[in-house]
Amino acid sequence: MNEFKPLVFSGVQPTGNLHLGNYLGAIRKFVALQDTNDCIYCVVDLHSITAQLVHEDLRGQIRSIAAAFIASGVDPQKHIVFNQSAVPQHAELAWIFNCVARIGWMNRMTQFKDKAGKDRENASLGLLAYPSLMAADILVYRATHVPVGDDQKQHLELARDIAQKFNIDFQEKIRATGQGVDMVVGEEPIHGYFPLVEPLIDGPAPRVMSLRDGTKKMSKSDASDLSRINLMDDAETIARKIRKAKTDPDALPSETEGLKGRPEADNLVGIYAALAGSSKADVLREFGGVQFSVFKPALIELAVNVLSPITGEMRRLMEDTTHIDGILRQGGERARDRATKTMKEVRDIIGFLQ
Ligand code: AQP
């Protein structure tokens with residue numbers, strides 16, 4: 001093998017209502033990438049128990065994420081859609097990566113600091129090791145590209161660090177097994193087993209912000225439901241949330257420069273651009289100089305037009321749990337075949353008895 005085969009992987013946690021940030025930052029990109037790439041999309045249920053152990057309806061949450069993927073346009077026949085816990089090799093590789101990664105690397109993760117809060121000693125060990133499992137999710141398929149929102153950038157850098165340390169520490173053994181790829185790390189040519197993943201973060205809304213505070217990320221766990229547009233919201237709710245979205249008193253600028261220091265305006269323009277498939281500059285060419293009282297109704301119309309068909313299809317899919325479960329089971333089998341091959345090679349590289 002001379003180079004890594006391009007492969008897209010990404011995942012979403014079943015930890016609550018999916019929102020516009022998850023859709024624009026991740027799921028919409030999943031759909032766009034599937035025409036030109038081999039893709040694996042995962043409901044990362046093992047991650048969902050890191051911050052909160054007991055969930056009222058975890059099965060329902062898992063099904064709703066899978067339904068959102070499919071309702072948005074992911075093709076589960078051409079590509080792979082499955083839930084993480086169906087492929088135990090994710091957890092097996094995560095254990096190995098726990099031994100590759102350093103505690104200092106994990107302690108520096110801003111998501112861990114945010115989620116653990118002040119009482120770090122009381123956070124689960126799983127929450128600290130979360131990025132190690134995330135690296136395993138991707139690398140158990142030796143995936144090369146990962147579409148995510150901007151908040152996951154640091155975790156992907158850590159996945160690269162883990163892959164790099166594994167490749168360097170085991171390089172002689174990798175060469176001996178004949179399963180590696182010639183690659184250059186820094187200036188150094190090495191023979192590595194895991195690719196250094198490329199994050200795919202671009203677009204006009206890589207970090208969708210809260211509708212109540214333009215400096216805070218739109219998030220499932222925000223106490224205020226008005227802060228986010230959920231994928232299951234009906235048209236009336238979407239309209240009410242956008243009408244109530246925080247703004248400043250000025251008209252929209254004509255150029256993107258004018259959005260500096262105006263986080264709420266920047267956010268709403270970015271959302272419009274992402275939903276319309278255009279850019280902030282295009283949106284401002286159309287709406288520069290207008291007041292929010294004019295821009296908000298246009299945004300409501302666009303958001304409802306884009307999201308309503310997805311919401312309707314999600315509802316329809318979730319009524320037939322046998323169908324969704326069948327898709328996940330079949331996807332799990334296909335994913336397991338690939339992950340089994342990787343883990344056989346990884347065990348061989350490390351030197352475990354097979
Ligand atoms: N606000 C956002 N803007 C753009 N992308 C976002 N993503 C999440 N929030 C935004 C992207 O959605 C994908 C799935 O995220 P996740 O559910 O696995 O984890 P998360 O980032 O922890 O999502 P939340 O909504 O913020 O959940 P809580 O409140 O539980 O922390 C990822 O690609 C993520 O980047």
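Predicted model only: the values in this text are computed from it and were never measured. Side-chain atoms are counted along with the backbone in the values below, which use heavy atoms only and exclude waters and symmetry mates. In listed order, ligands and their atoms are each counted from 1.
For Val44, no nitrogen or oxygen atom sits less than 3.5 Å from a nitrogen or oxygen atom of ligand 1, counting backbone and side chain alike. For Ser219, a nitrogen or oxygen atom sits less than 3.5 Å from a nitrogen or oxygen atom of ligand 1, counting backbone and side chain alike. For the pair Arg207 and ligand 1, the shortest N or O to N or O distance does not fall below 3.5 Å. Residue Gly149 places at least one N or O, backbone or side chain, under 3.5 Å from an N or O of ligand 1. Checking only distances, Ala26 never comes within under 3.5 Å of ligand 1, N or O to N or O. Distances between N or O atoms of Gln13 and those of ligand 1 include at least one value under 3.5 Å. Every N/O-N/O distance between Gln111 and ligand 1 stays at or above 3.5 Å. Close N/O approach between Lys217 and ligand 1 is found [any backbone or side-chain N/O within under 3.5 Å]. Considering backbone and side-chain N/O atoms, Val208 comes within less than 3.5 Å of an N/O atom of ligand 1.
Remark: minimum distance from atom 14 (C) of ligand 1 to any protein heavy atom is reached at Asn22 ND2, 3.7 Å. Residue, atom and distance of the protein heavy atom nearest to atom 25 (O) of ligand 1 are His19 NE2, 2.6 Å. The single protein non-hydrogen atom nearest to atom 6 (C) of ligand 1 is Gly21 O, 3.4 Å, given as residue, atom name and distance. At the shortest separation from atom 17 (O) of ligand 1 among protein heavy atoms lies Lys220 NZ, 2.2 Å.
The line from CG of Asp348 to OG1 of Thr177 is 6.0 Å long, rounded to the nearest 0.5 Å. One finds the CD1 atom of Ile349 at 10.0 Å from the CD1 atom of Ile96 (value rounded to the nearest 0.5 Å). To the nearest 0.5 angstrom, Cys99 atom SG is 11.0 Å from Lys165 atom NZ. The OG1 atom of Thr237 sits 9.0 Å away from the CG atom of Asn230 when rounded to the nearest 0.5 Å.
Between Ser219 and Asp222, the side chains place no donor N or O within less than 3.5 Å of an acceptor N or O (distance only, hydrogens not considered).
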Intermediate values then yes/no, ring pair (Phe, Tyr, Trp, His ring centres under 6.0 Å), His191 and Phe170: CA-CA 9 Å; His191 199 65; Phe170 285 105; over 10 Å; no
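Residue Leu46 belongs to a hydrophobic cluster whose other members are Leu133, with links defined by side-chain heavy atoms closer than 4.5 Å.
The part of Asp151 lying near ligand 1 is the side chain, judged by heavy-atom distances below 4.0 Å. In Ala51, neither the side chain nor the backbone holds a heavy atom less than 4.0 Å from any atom of ligand 1. Neither the backbone nor the side chain of His47 comes within 4.0 Å of ligand 1, counting heavy atoms alone. Under 4.0 angstrom from ligand 1, the non-hydrogen atoms of Lys115 all belong to its side chain.
Each of Tyr141, Phe4, Phe97 was evaluated against Phe194; a single residue qualifies, Phe97, per the ring pair (Phe, Tyr, Trp, His ring centres under 6.0 Å) test. With Asp38 as the fixed residue, the salt bridge (charged side-chain N to carboxylate O under 4.0 Å, His left out) test singles out one of Arg338, Arg334, Lys78: Arg338.
Those atoms of ligand 1 that come under 4.0 Å of a heavy atom in Gly25, given as number and element, are 4 (C), 5 (N). Numbered from 1 in the order shown, with element, the atoms of ligand 1 that lie under 4.0 Å from a heavy atom of Met218 read 1 (N), 2 (C), 9 (N). Less than 4.0 angstrom separates some heavy atom of Val12 from each of these atoms of ligand 1: 14 (C), 17 (O), 18 (O).
Sequence neighbours left out, not one pair with a member in residues 229-259 passes ring-ring contact (aromatic ring centres under 6.0 Å, His included).
Residues Asp266 and Lys280 are paired through a salt bridge, judged by an N-O separation under 4.0 Å between the basic side chain and the carboxylate.
Contact annotation: the side chain of Leu211 never approaches that of Arg228 to less than 4.5 Å [non-hydrogen atoms, C-beta and beyond].
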